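Note that this is a predicted model, so its numbers are computed, not measured.
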Amino acid sequence: METTDELRAARSALQMINPAPYNAEAPPAALASDITPTELHYVRSNFALPAHDRTLEIGGAVDHPLTLTLDELRAMPAHERAVTLECAGNGRLEMRPLPTGEPWGDYAVSTARWKGAFLHEVLAKARPAANGVDVRFEGADHGAYHLTPVLADTNKDDLSFVRALPLAHAADPAAEILIAYEMNGEPLGQDHGAPFRLIVPHWYAVASVKWLKRIDVLTETFVGEFQTGHYMYEWADRAPEPVDLMRVRARITAPAAGSTIAAGTHTVRGKAWSGTGPVTGVDVSLTGAGEWYPATVQPPSGPYHWQEWSFDWEAHDIGRHTVRVRATDAAGNVQPEVPPWNRLGYGNNAVEVVYVDVI
Ligand SMILES: Nc1nc2c(c(=O)[nH]1)N[C@H]1C(S)=C(S)[C@@H](COP(=O)(O)O)O[C@H]1N2
Ligand SMILES: [Mo]
């Protein structure tokens with residue numbers, strides 16, 4: 001576990017949005033790298049850092065309950081995947097009316113290399129019962145909740161971070177869900193869930209339970225503050241929906257927002273990702289008037305890894321330009337112009353707009 005000084009150093013390059021619980025965005029420059037250095041990876045926690053005894057209990061509706069130590073997890077076959085994690089509240093600040101909840105700008109998104117054991121292999125050791133429905137994941141963190149609970153029976157004074165996944169997804173080898181103990185080649189740090197955490201590819205990062213302490217197979221659908229209270233899309237005009245897969249989104253990393261550039265050819269570039277399929281197209285607009293030009297999109301370097309896109313802009317007209325970017329994924333999902341408003345402010349994947357002055 002890091003000392004106080006080490007923790008302070010680990011946090012020094014981030015843009016803090018809440019000191020307690022500690023929540024911080026990546027600096028904008030971090031979005032330019034293919035893999036986000038650990039010290040630039042955003043952090044989102046609902047409670048103070050917990051103590052953890054380095055064991056993982058697996059129980060509930062299983063034939064063979066067991067306890068795994070960190071060493072036993074490390075002794076299982078290890079797998080490493082680069083995974084883009086985005087907080088479901090990323091971009092909340094642009095929603096109107098502004099929802100409650102942490103005021104995230106647009107930098108609660110990062111990509112790290114996560115190494116660990118596959119969840120489905122751990123579950124197979126415990127042998128889930130045939131009537132299992134959900135798998136419940138409990139973090140070691142708990143305490144007074146800093147937001148207003150949505151569910152009437154939530155204990156606001158001592159709440160634990162608990163999430164669930166359908167058993168069919170958790171036990172699916174193709175889902176490649178990790179119980180990760182390494183991030184970018186180093187043991188997990190405190191802020192990212194030491195000693196081990198879940199990494200659920202393609203899902204908004206709320207599913208990736210940090211400081212994982214218990215896994216239980218349930219024979220009924222899980223109900224809880226972080227599952228059916230918060231992290232639900234409460235739409236204005238239709239039934240609520242759970243927050244699950246990341247919505248398709250592109251970000252501009254160059255030229256910088258508000259920058260001044262000399263007339264000439266400039267490469268507009270950035271990142272794009274989606275939880276509902278690889279990004280198949282990125283379009284750029286230069287005036288705000290509706291014309292869209294196709295950018296070049298690099299194939300994904302891994303199935304869960306954001307993609308690079310670029311567009312050569314013949315920036316010869318002197319003056320202010322409105323640069324916008326819009327991604328489409330293989331499932332046909334396209335970014336909307338306007339944030340998809342919902343009461344708790346999740347899943348803002350609206351088209352990004354930056355202003356650039358050509359002189
Ligand atoms: N135990 C626990 N796991 C958690 C959380 C939490 O508060 N407690 N926050 C979740 C949310 S909302 C996000 S966005 C990610 C953030 O992971 P990171 O801090 O490693 O970026 O962790 C998820 N896992
Ligand atoms: Mo989040």
Trainee: Do the side chains of Pro242 and Tyr231 get nearer than 4.5 Å, heavy atoms only?
Mentor: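 Heavy-atom side-chain distance check fails, nothing below 4.5 Å.
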
Trainee: Using a strict 4.0 Å threshold on nitrogen-to-oxygen distance, state whether Glu138 and Arg136 make a salt bridge.
Mentor: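 Yes, this pair counts.
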
Trainee: Whether Arg324 and Glu337 form a salt bridge (side-chain N of Lys/Arg under 4.0 Å from carboxylate O of Asp/Glu) is what I want to check.
Mentor: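 Salt bridge between Glu337 and Arg324, a charged N being under 4.0 Å from a carboxylate O: yes.
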
Trainee: Is the NZ or CZ atom of Arg326 both under 6.0 Å from the centre of the six-membered ring of Trp292 and within 45° of that ring's axis?
Mentor: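 Pair Arg326/Trp292 counts as cation-pi.
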
Trainee: Can you confirm whether the side chains of Asn184 and Thr38 place a donor and an acceptor under 3.5 Å from each other?
Mentor: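 Present: a donor and an acceptor within the cut-off.
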
Trainee: Does atom NZ (Lys125) have a neighbourhood of more than 12 heavy atoms from anything else shown, all under 6.0 Å?
Mentor: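 No - once you tally the heavy atoms of other residues, nucleotides and ligands closer than 6.0 Å, there are 12 at most.
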
Trainee: Is a salt bridge present between Arg74 and Asp71, judged by a nitrogen-to-oxygen distance below 4.0 Å?
Mentor: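 Result for this pair is no, no salt bridge flagged.
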
Trainee: Run Ile58 and Leu68 through side chain to side chain contact (heavy atoms under 4.5 Å, CB included) and show every step you take.
Mentor: CA-CA 8 Å; Ile58 300 122; Leu68 291 176; 3.9 Å; yes

Trainee: Just checking, is any N or O donor in the side chain of Glu234 or Asn342 under 3.5 Å from an acceptor N or O on the other one?
Mentor: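 No pair is found: no donor N or O on one side chain lies under 3.5 Å from an acceptor on the other.
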
Trainee: Could you check whether any side-chain heavy atom of Glu291 comes within less than 4.5 Å of a side-chain heavy atom of Leu286, counting everything from C-beta outward?
Mentor: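 Glu291 reaches Leu286 side chain to side chain.
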
Trainee: Atom CZ in Arg8, atom CD in Glu2: separation rounded to 0.5 Å?
Mentor: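 One finds 13.0 Å between CZ of Arg8 and CD of Glu2.
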
Trainee: For the OG atom of Ser45 and the NE2 atom of His146, what is their distance to the nearest 0.5 Å?
Mentor: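 With rounding to 0.5 Å, OG (Ser45) is 9.0 Å from NE2 (His146).
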
Trainee: Inspect the contact between Asp141 and Lys210 and indicate whether a charged nitrogen and a carboxylate oxygen are less than 4.0 angstrom apart.
Mentor: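 Judged by the 4.0 Å cut-off on N to carboxylate O distance, Lys210 and Asp141 do not form a salt bridge.
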
Trainee: Have Asn131 and Thr219 got a donor and an acceptor in their side chains that come within less than 3.5 Å?
Mentor: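 Judged by distance alone, the side chains do not pair up.
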
Trainee: Any idea which heavy atoms bring Val268 and Val323 closest together, and the distance?
Mentor: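 Looking at all heavy atoms of both residues, the shortest contact is CG1-CG1, 4.2 Å.
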
Trainee: Please tell me whether His305 and Asp34 have a donor and an acceptor in their side chains that are separated by less than 3.5 angstrom.
Mentor: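 Side-chain D/A pair, His305 to Asp34: present.
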
Trainee: Do His192 and His41 come within less than 4.5 Å of each other through their side chains, counting heavy atoms only?
Mentor: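 Contact flag for His192/His41 side chains = yes.
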
Trainee: Can you see whether Tyr233 has Arg247 sitting over its ring - NZ or CZ less than 6.0 Å from the centre and within 45° of the normal?
Mentor: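 Here Arg247 passes the 6.0 Å and 45° test against Tyr233.
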
Trainee: Find the distance between CG (Leu178) and NE2 (His120) and round it off to the nearest 0.5 Å.
Mentor: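 Answer for the CG-NE2 pair, Leu178 versus His120, is 9.0 Å.
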
Trainee: What's the shortest heavy-atom distance between Thr267 and Ser310, and which atoms?
Mentor: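 Closest heavy-atom pair between Thr267 and Ser310: CG2-CB, 3.8 Å.
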
Trainee: Taking the six-membered ring for Trp, are Tyr107 and Tyr42 closer than 6.0 Å centroid to centroid?
Mentor: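 Aromatic pair excluded; centres sit 6.0 Å or further apart.
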
Trainee: If we only count heavy atoms from C-beta on, is the Ile179 to Phe118 side-chain gap below 4.5 Å?
Mentor: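 Of all side-chain heavy-atom pairs linking Phe118 with Ile179, none is under 4.5 Å.
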
Trainee: Just so I know, are the side chains of Leu14 and Tyr22 near enough to count as touching, which here means a heavy-atom distance under 4.5 Å?
Mentor: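 In short, these two side chains touch, coming nearer than 4.5 Å.
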
Trainee: State, yes or no, whether a side-chain contact exists between Ile177 and Pro201 at a heavy-atom distance under 4.5 Å.
Mentor: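 Yes, their side chains come closer than 4.5 Å.
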
Trainee: Should Leu165 and Phe161 be regarded as members of a common hydrophobic cluster, given that ILVMFWY residues are connected when their side-chain heavy atoms come within less than 4.5 Å of each other, either directly or indirectly?
Mentor: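 Yes, because Leu165 and Phe161 connect within a single hydrophobic cluster, where side-chain heavy atoms sit under 4.5 Å apart.
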
Trainee: Taking all non-hydrogen atoms of both residues into account, name the closest pair between Ala88 and Val243 and its distance.
Mentor: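 Closest heavy-atom pair between Ala88 and Val243: CB-CG1, 3.7 Å.
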
Trainee: Under the side chain to side chain contact (heavy atoms under 4.5 Å, CB included) rule, what do Leu56 and Thr67 come out as? Steps first, then yes or no, please.
Mentor: CA-CA 6 Å; Leu56 176 61; Thr67 304; over 6 Å; no

Trainee: When you look at CD of Glu186, are more than 12 heavy atoms from neighbouring residues, nucleotides or ligands closer to it than 6.0 Å?
Mentor: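 No, because the 6.0 Å sphere around CD of Glu186 holds 12 heavy atoms or fewer from other groups.
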
Trainee: Are Leu66 and Phe137 grouped together when hydrophobic residues (ILVMFWY) are joined by side-chain heavy atoms under 4.5 angstrom apart?
Mentor: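 Result: yes, single cluster for both.
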
Trainee: Do Trp211 and Leu198 sit in the same hydrophobic cluster, where Ile, Leu, Val, Met, Phe, Trp and Tyr count as joined when their side-chain heavy atoms come under 4.5 Å apart?
Mentor: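 No, Trp211 and Leu198 fall in different hydrophobic clusters.
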
Trainee: Can you name the residues that form a salt bridge (Lys or Arg N to Asp or Glu O under 4.0 Å) with Arg127, not counting sequence neighbours?
Mentor: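 With sequence neighbours excluded, Arg127 shows a salt bridge (Lys or Arg N to Asp or Glu O under 4.0 Å) to no residue whatsoever.
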
Trainee: Less than 4.5 Å apart, any side-chain heavy atom of Val133 and any of Pro166?
Mentor: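 Not in contact.
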
Trainee: Taking all heavy atoms of Ala51 and all of Ala140, pick out the closest pair and write down the distance.
Mentor: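 Smallest interatomic distance, heavy atoms only, reads O-CB, 3.5 Å.
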
Trainee: Sort and list the pairs that fulfil side-chain hydrogen bond (donor to acceptor under 3.5 Å, both in side chains) and have at least one residue in residues 76-88, not counting sequence neighbours.
Mentor: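 Of all non-adjacent pairs touching residues 76-88, those that pass side-chain hydrogen bond (donor to acceptor under 3.5 Å, both in side chains) are Glu80-Arg113, Arg81-Glu176, Thr84-Thr111, Glu86-Asn90, Glu86-Arg249, Glu86-Trp273.
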
Trainee: Before you tell me yes or no, could you show the steps for Asp53 and Thr55 under side-chain hydrogen bond (donor to acceptor under 3.5 Å, both in side chains), namely the whole-Å CA-CA distance, both residues' side-chain angles and the distance that decides it to 0.1 Å?
Mentor: CA-CA 6 Å; Asp53 69 1; Thr55 65; 2.7 Å; yes

Trainee: What I'd like to find out is whether the side chain of Ser274 reaches to under 4.5 Å of the side chain of Met246, using heavy atoms alone.
Mentor: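 SC-SC contact between Ser274 and Met246 ruled out.
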
Trainee: Can you sort out the partners of Trp341 under ring-ring contact (aromatic ring centres under 6.0 Å, His included), two or more places apart, ordered by chain and number?
Mentor: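 Listed in chain order: nothing, the list is empty.
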
Trainee: State, to 0.1 Å, how close Pro128 and Val217 come at their nearest heavy-atom pair, and which atoms those are.
Mentor: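 Result for this residue pair: CB-CG2, 4.1 Å.
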
Trainee: Do the side-chain N and O atoms of Thr221 and Asp134 include a donor-acceptor pair separated by under 3.5 angstrom?
Mentor: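 There is no such pair (donor and acceptor under 3.5 Å, judged by atom type) between the side chains of Thr221 and Asp134.
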
Trainee: Checking side chain to side chain contact (heavy atoms under 4.5 Å, CB included) for the pair Gln298/Val279: CA distance, chi angles, key distance, verdict?
Mentor: CA-CA 9 Å; Gln298 297 302 320; Val279 172; over 6 Å; no

Trainee: Please say yes or no: joined through hydrophobic side-chain contacts below 4.5 Å, possibly via intermediate residues, are Phe196 and Val135 part of one cluster?
Mentor: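 Yes.
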
Trainee: Measuring from Ser160:OG to Lys213:NZ, what's the distance to the nearest 0.5 Å?
Mentor: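 One finds 6.0 Å between OG of Ser160 and NZ of Lys213.
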
Trainee: Salt-bridged, Glu308 to Lys271, with N to O below 4.0 Å?
Mentor: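 Yes.
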
Trainee: Please check if any side-chain donor atom of Trp114 sits under 3.5 Å from a side-chain acceptor atom of Glu182, or the reverse.
Mentor: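 Absent: no donor and acceptor within the cut-off.
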
Trainee: Going only through I, L, V, M, F, W and Y residues with side-chain contacts under 4.5 Å, is there a path from Phe311 to Val248?
Mentor: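 Result: yes, single cluster for both.
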
Trainee: Determine, step by step, whether Tyr304 and His202 satisfy the ring-ring contact (aromatic ring centres under 6.0 Å, His included) criterion, reporting the C-alpha distance in whole Å, the side-chain angles of both residues, the deciding distance to 0.1 Å, and the verdict.
Mentor: CA-CA 6 Å; Tyr304 319 120; His202 291 321; 5.0 Å; yes

Trainee: Dump the intermediate steps for side chain to side chain contact (heavy atoms under 4.5 Å, CB included) on Asn333 and Thr328, then the final yes or no.
Mentor: CA-CA 6 Å; Asn333 295 304; Thr328 303; over 6 Å; no

Trainee: Hey, could you give me the CZ/SG distance between Arg92 and Cys87, rounded to the nearest 0.5 Å?
Mentor: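 These two atoms lie 7.0 Å from each other.
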
Trainee: Would you give the length of the straight line joining atom NE2 of His52 to atom CG of Leu49, rounded to the nearest 0.5 angstrom?
Mentor: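 Separation between the atoms: 12.5 Å.
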
Trainee: Would you sort out whether His230 and Tyr145 count as a ring-ring contact (aromatic ring centres under 6.0 Å, His included), showing the intermediate values?
Mentor: CA-CA 12 Å; His230 273 82; Tyr145 190 35; 5.6 Å; yes

Trainee: So Tyr204 and Tyr346, ring-ring contact (aromatic ring centres under 6.0 Å, His included) or not? Walk me through it.
Mentor: CA-CA 10 Å; Tyr204 278 114; Tyr346 299 123; 8.3 Å; no

Trainee: For residues Val356 and Ala256, report the shortest heavy-atom separation together with the two atoms involved.
Mentor: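 What the structure gives for the nearest pair is CG2-O, 4.3 Å.
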
Trainee: Would the number of heavy atoms belonging to other residues, nucleotides or ligands and lying under 6.0 Å from CZ of Arg320 be above 12?
Mentor: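 No, CZ of Arg320 has 12 or fewer neighbouring heavy atoms, counting only those of other groups under 6.0 Å.
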
